Structures are given as C-alpha cells and as structure tokens.
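Have a look at the structure below, then the notes.
Scope of the values below: all heavy atoms of this structure, side chains included, with no hydrogens, waters or symmetry mates. Quick caveat: nothing in here was measured; it's all calculated off a predicted structure.
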Amino acid sequence: MTSSLSIRHLVGLQGVSESDIRTILDTAVEFRQLLERPVKKVPSLRGLTIVNLFFENSTRTRTSFELAEKRLSADIVNFSSSSSSVKKGETLLDTLRNIESMKIDVVVVRHKGTGVPQFIADHSNAIVLNAGDGAHEHPTQALLDMFTIEQKLGNLKGKKIAIVGDIRHSRVARSDSWGMTTLGASVTLCGPSTLLPRYRADFPNVSWETDVKKAVAGADAVIALRLQKERMEDSLLPSLREYRNYFGVTEEVLEKAKDSALIMHPGPINRGVELDSDVADGEHSVILAQVTNGVAVRMSALYLLSGGRANG
C-alpha cells in the first residue's frame, strides 16, 4: 500500500477529488480482506498517537474508529467531554492545546457544532478526521456507504441512489450526496418538505422528491435516515405515525425500486418509523455489512492520511 492523498485532513467530502475518494476506497478493499484473516492487526501506524475527541455521544462511529486504530497498532487516547475540563468551562481551543502538548499525531473529532473539525485543523499541527460535526458532514460514513454499494453492485458510476428521511439535519445525506455524485452516481434526496434543507445550492447535481415511491423508483440502493428528533423543532413533524405512513421505507414502497436494491441505514434505526423491521432484516439489507466495512474504510483513511508509513 503506497498510494497517497492530495488532502491533509478529512473534514468533509465536499470538494474532495474523485482520485482521493477512489484511493481511499481502493485501499479499503485491502484492509477489508485483512479483517477476514485470523490475525487482523498490522504495524502500519505503530508509534503514532491518535486522540478520539468525542463531544457527542456515539456507539458505532467511536467503536469503529477505535477498532480501526487498534488494527493499525496506533496508540490511542480516548477523550469524553462528560468527564473532561470542558464541563468546568474550558474552551475548545484550550482543550486542543492541552491535548496537543501531549504530542499527539492524529485527532478524530465528533462535535455538535458545525465547523469544529475545520477549526481544529486550522489551529493544530495534527492530522484531523471528522467523525461527524453538527448537521454538516460525516465523511467516513459516506465512504463506507460508497464502499458497501461498490462491494455489492460494482462501480458507483451510473447507479441510482435514493436517500430518504430527515435530509435537513443529516450530515450523512450531505457527505453521501457530495461523495456519490463525485463518483458518477445519480442521487435523489427525499423527505417531507419541512425536513428538506432551506438552502439547496450546497447540493449540486442531485434530484429532490417529496414522494417516497417516486424517489425509490428504479433505485439500486435505498438509504433510510434516522429522524434526528434531538435537532428538530416540534413543529417540523406532525407525528411519527404520519411520517411512517408517508415516508417509511416499507416492502410496499420498495416494489418501485429494483428487485436487487440494497437497503442501507447509518444507524441507529427507529424500527417501524423510517424503516420496517422486515425490510431492515430482509435479504437485501446490508446494514450490518456497512458496520463491518466501516472499520476497513476508517483504517484506509487513517493509514493514507498518516502517510502510509509502514507496509500493511
């Protein structure tokens, strides 16, 4: 593994080149194969110190990053805002400076504030990976989504992807849209008008729908999104029952998609709301494959951004 990236940080996929995205996905193929071996650990990042700076609760993303880092033999420091000096009023910049004084090399950050990963990149010498910032971006989730689709269906170019749900508050929808269209996919974003973004100029080359059956018609993959109730105003959604009736991904809705259409979800799933259980657990669901592939994709991103200094 000797490829390199033109970017120093991975704070988002908006503006990232097709070449860089392809390099991350191609390298992830090799790491995915590694995860099937009896010994799943390589010395690629031995000697590097990575801090996981999580200001927001997370299960899948945090665990996936930690596993990726351990598989690459990095030294890990886990930071939780709930047990840190942030609770005592310490600023983000002071927190960053204190952590950086411990000679860390890479920062993986998740924060409810939009732009925090870029702020850290601008004020730190460390390599920065965005594990989700506000309603802005979640680049590694999008990369694992793309990896999973290509793993099952081949090259993304020309594929039709329907993303259904709370688009307005979704960092996944943003990163997916930018990454997938860069690789030549056709993306349709669908949701209630109240849960679509107010400003759509940031979403070039996508289609918009408020009819879920039209959105999934002929789709190669359907990505259902969680309703982010913690970010919503009460007036945005009449009721969960009404949402499910009009926008839930059900077997009936999927009759309009291709017979082989993949069912995806970034998790956690609100079963019976955005996705019915028989669909989430059905033969075309690749939700658990997304989780496994997330480790390989994050290994790839960490390895490449760190310069791929050792042989994997």
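- From Glu209, atom CD reaches atom OG of Ser207 across 8.5 Å, with rounding to the nearest 0.5 Å.
- For Lys40, the NZ atom is densely surrounded, since the number of other residues' heavy atoms within 6.0 Å is greater than 12.
- Under 3.5 Å, the side chains of Thr91 and Asp94 contain a donor-acceptor pair of N or O atoms.
- Here the closest heavy-atom approach between residue Val39 and residue Leu34 is recorded as O-CD1, 3.9 Å.
- Checked against the 6.0 Å centroid criterion, the rings of Tyr303 and Phe31 qualify as a close aromatic pair.
- Counted by atom type alone, Thr250 and Asp276 present zero donor-acceptor pairs between their side chains at under 3.5 Å.
- Gly248 and Val253 get closest at one heavy-atom pair: O-CG2, 3.6 Å.
- Side-chain atoms of Ser6 and Asp20 form a donor-acceptor pair, as typed in the model, at a separation below 3.5 Å.
- Aromatic ring pairs are classed by plane angle as parallel below 30°, tilted from 30° to 60° and perpendicular above 60°; the pair Phe55 and Phe79 is tilted.
- When hydrophobic clusters are built by joining Ile, Leu, Val, Met, Phe, Trp and Tyr residues whose side-chain heavy atoms come closer than 4.5 Å, directly or via intermediates, Met264 is not grouped with Leu288.
- Using modelled atom types, one side-chain atom of Ser177 and one backbone atom of Ala173 make a donor-acceptor pair closer than 3.5 Å.
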Start with the C-alpha distance between Ser124 and Glu100, add both sets of side-chain angles, then the distance that settles side-chain hydrogen bond (donor to acceptor under 3.5 Å, both in side chains), and finish with yes or no. CA-CA 7 Å; Ser124 170; Glu100 193 167 36; 2.9 Å; yes

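- Judged purely by atom type and a 3.5 angstrom limit, Arg32 has no side-chain atom pairing as donor or acceptor with the backbone of Val297.
- With a 6.0 Å radius and a threshold of 12 heavy atoms from other residues, nucleotides or ligands, Glu252 has its CD atom at or below the threshold.
- Pairing each heavy atom of Gln14 with each of Asp202, the nearest pair is NE2-O, 4.3 Å.
- The CZ atom of Arg22 sits 5.5 Å away from the CG atom of Asn155 when rounded to the nearest 0.5 Å.
- Checking Arg62 against Asn52 by side-chain atom types alone, no donor-acceptor pair falls below 3.5 Å.
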Verdict with reasoning, Asp281 to Arg271, per salt bridge (charged side-chain N to carboxylate O under 4.0 Å, His left out): CA-CA 10 Å; Asp281 302 327; Arg271 288 176 178 264; 3.0 Å; yes

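- Linking Ile, Leu, Val, Met, Phe, Trp and Tyr residues whenever their side-chain heavy atoms come within less than 4.5 Å leaves Val295 and Ile76 in two separate clusters.
- Side chains of Gln118 and His9: no donor on one and acceptor on the other come within 3.5 Å.
- Both Leu196 and Met180 are assigned to one and the same hydrophobic cluster, defined by single-linkage of ILVMFWY side chains at heavy-atom distances under 4.5 Å.
- Closest heavy-atom contact between Ile127 and Leu305: CD1-O, 3.2 Å.
- Ser175 and Glu137 share a donor-acceptor pair across their side chains, judged by distance under 3.5 Å alone.
- Cluster membership check: Val109 shares its hydrophobic cluster with Val77, using side-chain heavy-atom separations under 4.5 Å among Ile, Leu, Val, Met, Phe, Trp and Tyr.
- Atom CD1 of Ile50 sits about 10.5 Å away from atom CD of Glu66, to the nearest 0.5 Å.
- Nearest approach of Leu143 to Leu10, heavy atoms of both residues: CD1-CD2, 3.9 Å.
- To the nearest 0.5 Å, atoms CG (Asn293) and CD1 (Ile149) are separated by 11.0 Å.
- The environment of CG in Asn245 is crowded: more than 12 heavy-atom neighbours from other residues, nucleotides or ligands sit within 6.0 Å.
- A cation-pi geometry, defined here as NZ or CZ lying under 6.0 Å from the six-membered ring centre and within 45° of its normal, holds between Arg298 and Phe65.
- Between Thr182 and Glu18, the side chains place no donor N or O within less than 3.5 Å of an acceptor N or O (distance only, hydrogens not considered).
- Taken to the nearest 0.5 Å, the CZ atom of Arg244 stands 11.5 Å off from the CD atom of Glu274.
- In this structure, Arg168 contributes its side chain and Thr194 its backbone to a donor-acceptor pair below 3.5 Å.
- Within 6.0 Å of atom CZ in Arg241, 12 or fewer heavy atoms from other residues, nucleotides or ligands are found, so the atom counts as exposed in its surroundings.
- The neighbour count for Asp278 CG, taken as heavy atoms of other residues, nucleotides or ligands under 6.0 Å away, is above 12.
- Every residue two or more places apart in sequence or in another chain that forms a side chain to side chain contact (heavy atoms under 4.5 Å, CB included) with Ser260 is listed here: Lys258.
- A salt bridge links Arg110 with Glu56: the closest approach of a Lys/Arg side-chain nitrogen to an acidic carboxylate oxygen falls below 4.0 angstrom.
- Here the closest heavy-atom approach between residue Ala126 and residue Ile104 is recorded as CB-CD1, 3.7 Å.
- A distance-only check finds no donor-acceptor pair linking the side chain of Lys213 to the backbone of Leu254 [under 3.5 Å].
- One hydrophobic cluster, built from ILVMFWY side chains closer than 4.5 Å, holds both Val286 and Leu153.
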Does Arg226 form a side-chain hydrogen bond (donor to acceptor under 3.5 Å, both in side chains) with Asn270? I'd like the steps, not just the answer. CA-CA 7 Å; Arg226 180 178 68 87; Asn270 292 311; over 6 Å; no

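- Between Phe247 atom CZ and Glu242 atom CD the span is 9.0 Å, to the nearest 0.5 Å.
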Chi angles and distances behind the side chain to side chain contact (heavy atoms under 4.5 Å, CB included) call for Val42, Arg71: CA-CA 6 Å; Val42 291; Arg71 298 287 187 246; 5.9 Å; no

